[in-house]
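Okay, structure first, notes after.
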Amino acid sequence: MSNRLNTTPNDLRAFWMPFTANRQFKKEPRLFVGAKDMHYTTHDGRQVLDATAGLWCVNAGHCRPKITEAIREQAGELDYAPAFQLGHPKAFELANRLVDIAPEGLNHVLYTNSGSESVDTALKVALAYHRVKGNGSRFRLIGRERGYHGVNFGGISVGGIVANRKMFGTLLTGVDHMPHTHVPGKNAFTRGEPEHGGDIASELERIVTLHDASTIAAVIVEPVAGSTGVLIPPKGYLQKLRDICTKHGILLIFDEVITGFGRMGTPFAAQYYGVTPDIMTTAKGLTNGVIPMGAVLVSSEIHDAFMSGPEHMIEFFHGYTYSGNPIAAAAGLATLETYKEEGLFDRARDTAPYWEDGLHSLKDLPNVIDIRNIGMIGAIELDPIAGEPTKRAFSAFLKAYENGLLIRTTGDIIAMSPPLIAEKHHIDEIFGKLREILKSNI
């Protein structure tokens, strides 16, 4: 391992880092220079256990041989191919493999480069679908409070996290929001799906009454709201949304950028909950986080509605320079093969109860006001320091890093989602270290 960053001056000023306290970071940089399986290696030679799968994305663990070799081979064979009016085999092969593991009926794939692009693509598909069906009055998009759908204009418009929205003007018009599903007074310290709050889905009927169904194109939700701090849908909630959308001819979009690719012990959360959307967004675990890539899966009904008119005409005016990039497609295929060969989705399902027990063992610690979990996802909500929101959780993040553990914080919530290769001793280490950190009364 190189110690170059220890011995050579390094100017950190040029990179304006995303979602980062830049001034704090650049005073005391936290730099990774290597990774393998469950661990990162820091610039000062320490091992850090990854309890967040990078950023919800490294589901198969770091630097897995099949994935890295597929990238190496593809880069030497075909580095780039245009996606407009041309193609390459791996893009089609990967689309077929995605359809094979997707909920039944989601039979077509559009490629993107990120979760944010997947969301904006899905919203555009929904609006255009109603237009080609002769229902151009359906222009409204319905999101949810505390929802996170990336950082592009469409995504932050339907999203419901205040800090992500407040500086960017009026955003898209014709957007409304359902209430979030967090009911801490009744559901605190729930294991799995909360009992209370399923009726919150009925708020969609109120919004339909307000605007009229004939103006609403789509509803978008995360099956599990991850970035806001792991808000888990109450029992029956998602099915009620599905029923209301079907009743009123509204498309239902699931944002599965976080929940996709085994995080719930199933390929997608839609299968875990037994609820099939009309459109589904993915990214992150699609390539194990190795190369940017996203995919939007749509139903045959939606796809086929566009397949009319002269055959030489473009059916849908949308796409990206890097849609289905050859190297990204190779990474995606190798990632799906790794998941299958190692049985990682089943492994996540089997490991989830042990993960749940470890997480809830921290219930007695100071300042812990709630614990939530589903599949291989977990959150610990901390009591905020009066007048200093986010500081308590951020202090825990810094102490964890110092003690060889990577966690993620959002507000005063610690969120975790380890690689699906995590073994019981990794889980023990995660919660053992967290216990010591939280006991210190941060």
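Basis for what follows: all heavy atoms, side chains included, without hydrogens, waters or symmetry-related copies. One-based numbering along the sequence shown. No experiment lies behind these values; they were computed from the predicted model shown.
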Is there a side chain to side chain contact (heavy atoms under 4.5 Å, CB included) between Leu141 and Leu127? Walk through the geometry before answering. CA-CA 9 Å; Leu141 302 167; Leu127 292 169; 4.1 Å; yes
Side chain to side chain contact (heavy atoms under 4.5 Å, CB included) evaluation trace for Leu286 with Thr335: CA-CA 7 Å; Leu286 172 57; Thr335 297; over 6 Å; no
For the pair Gln47 and Thr41, evaluate side-chain hydrogen bond (donor to acceptor under 3.5 Å, both in side chains) and give the outcome as yes or no after the intermediate values. CA-CA 5 Å; Gln47 293 291 291; Thr41 302; 2.7 Å; yes
Does the side chain to side chain contact (heavy atoms under 4.5 Å, CB included) test come out yes or no for Leu344 and Tyr339, once each step is laid out? CA-CA 5 Å; Leu344 292 186; Tyr339 291 148; 3.9 Å; yes
Derivation of the salt bridge (Lys or Arg N to Asp or Glu O under 4.0 Å) call for Arg349 and Asp346: CA-CA 5 Å; Arg349 180 198 63 214; Asp346 291 340; 3.2 Å; yes
Quick one: do Tyr401 and Arg46 satisfy side chain to side chain contact (heavy atoms under 4.5 Å, CB included)? Show the steps, please. CA-CA 10 Å; Tyr401 180 80; Arg46 298 184 304 111; 3.3 Å; yes
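A donor-acceptor contact shorter than 3.5 Å links the side chain of Thr68 to the backbone of Pro65. Between the side chain of Asn288 and the backbone N or O of Val290, no donor-acceptor pair lies under 3.5 Å. Of the possible polar contacts, none joining the Asn187 side chain to the Thr190 backbone as a donor-acceptor pair under 3.5 Å is found. Formation of a donor-acceptor pair under 3.5 Å by the Gln271 side chain with backbone atoms of Ile101 is found in this model. Within the 3.5 Å criterion, the main-chain N or O of Phe25 finds no donor-acceptor partner in the side chain of Arg30.
Sorted by first and then second residue, the pairs that involve residues 268-293 and meet salt bridge (Lys or Arg N to Asp or Glu O under 4.0 Å), not counting sequence neighbours, are Arg242-Asp278. For residues 77-90, no pair satisfies salt bridge (Lys or Arg N to Asp or Glu O under 4.0 Å), with sequence neighbours left out. For the side-chain hydrogen bond (donor to acceptor under 3.5 Å, both in side chains) condition, the pairs that include at least one residue of residues 366-376, sequence neighbours left out, are Glu356-Asn373, His360-Asn373, Asn367-Asn441, Asp370-Arg372, Arg372-Glu381. Listed by first and then second residue, the ring-ring contact (aromatic ring centres under 6.0 Å, His included) pairs that reach into residues 407-442 are Trp355-Phe431, sequence neighbours excluded.
Not counting sequence neighbours, Asp350 has no partner by the side-chain hydrogen bond (donor to acceptor under 3.5 Å, both in side chains) test. Among residues two or more places apart in sequence or in another chain, the side-chain contact (heavy atoms from CB on, under 4.5 Å) test is passed with Ser440 by Lys399, Ile442. Applying the side-chain hydrogen bond (donor to acceptor under 3.5 Å, both in side chains) criterion to Asp50, with sequence neighbours excluded, gives Thr52, His62. Judged as a side-chain hydrogen bond (donor to acceptor under 3.5 Å, both in side chains), and not counting sequence neighbours, the contacts of Glu301 are Tyr129. Applying the side-chain contact (heavy atoms from CB on, under 4.5 Å) rule to Ala393 yields the partners Leu382, Thr409, Asp412; only residues at least two apart in sequence or on another chain are considered. Under the side-chain contact (heavy atoms from CB on, under 4.5 Å) criterion, Pro89 pairs with no residue, sequence neighbours left out. Applying the side-chain contact (heavy atoms from CB on, under 4.5 Å) rule to Thr112 yields the partners Glu117, Ser118, Thr121, Val296, Tyr320; only residues at least two apart in sequence or on another chain are considered.
Minimum heavy-atom separation, Ala218 to Ile250: CA-CG2, 3.7 Å.
Shown here is Lys26, whose NZ atom has more than 12 heavy atoms of other residues, nucleotides or ligands within 6.0 Å. Taking a 6.0 Å sphere around OH of Tyr322, one finds it holds 12 or fewer heavy atoms contributed by other residues, nucleotides or ligands. More than 12 heavy atoms of other shown residues, nucleotides or ligands fall within 6.0 angstrom of atom NZ in Lys36. The 12-atom threshold is not exceeded at CD of Glu104, counting heavy atoms of other residues, nucleotides or ligands nearer than 6.0 Å. Annotation: Gln24, atom CD; neighbour count of heavy atoms from other residues, nucleotides and ligands within 6.0 Å is above 12. For CE of Met17, the number of neighbouring non-hydrogen atoms (other residues, nucleotides, ligands) closer than 6.0 Å is greater than 12.
Using a 4.0 Å cut-off between charged nitrogen and carboxylate oxygen, Glu436 and Lys439 count as a salt-bridge pair. Ion pairing between Asp364 and Arg435 holds under the 4.0 Å rule for side-chain N and carboxylate O. Between Asp243 and Lys240 there is no salt bridge, since no side-chain nitrogen of the basic residue lies less than 4.0 Å from a carboxylate oxygen of the acidic one.
For the pair Val298/Leu110, a side-chain contact is recorded, criterion being any heavy-atom separation below 4.5 Å from C-beta on. Under the 4.5 Å side-chain criterion, counting only non-hydrogen atoms from C-beta, Glu337 is not in contact with Ile67.
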With a 3.5 Å cut-off and sequence neighbours excluded, list the donor-acceptor pairs that the side chains of residues 151-164 form with protein atoms.
| residue | atom | partner | partner atom | Å |
| --- | --- | --- | --- | --- |
| Ser157 | OG | Phe153 | O | 2.6 |
| Ser157 | OG | Leu172 | N | 2.9 |

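Classification of the Phe268-Phe261 ring pair by plane angle, with boundaries at 30° and 60°, yields perpendicular. Relative orientation of the His108 and His303 rings is parallel, given thresholds of 30° and 60° on the angle between their planes.
Among the candidates Arg347, Lys66, Arg64, the single residue satisfying the salt bridge (charged side-chain N to carboxylate O under 4.0 Å, His left out) test with Glu342 is Arg64.
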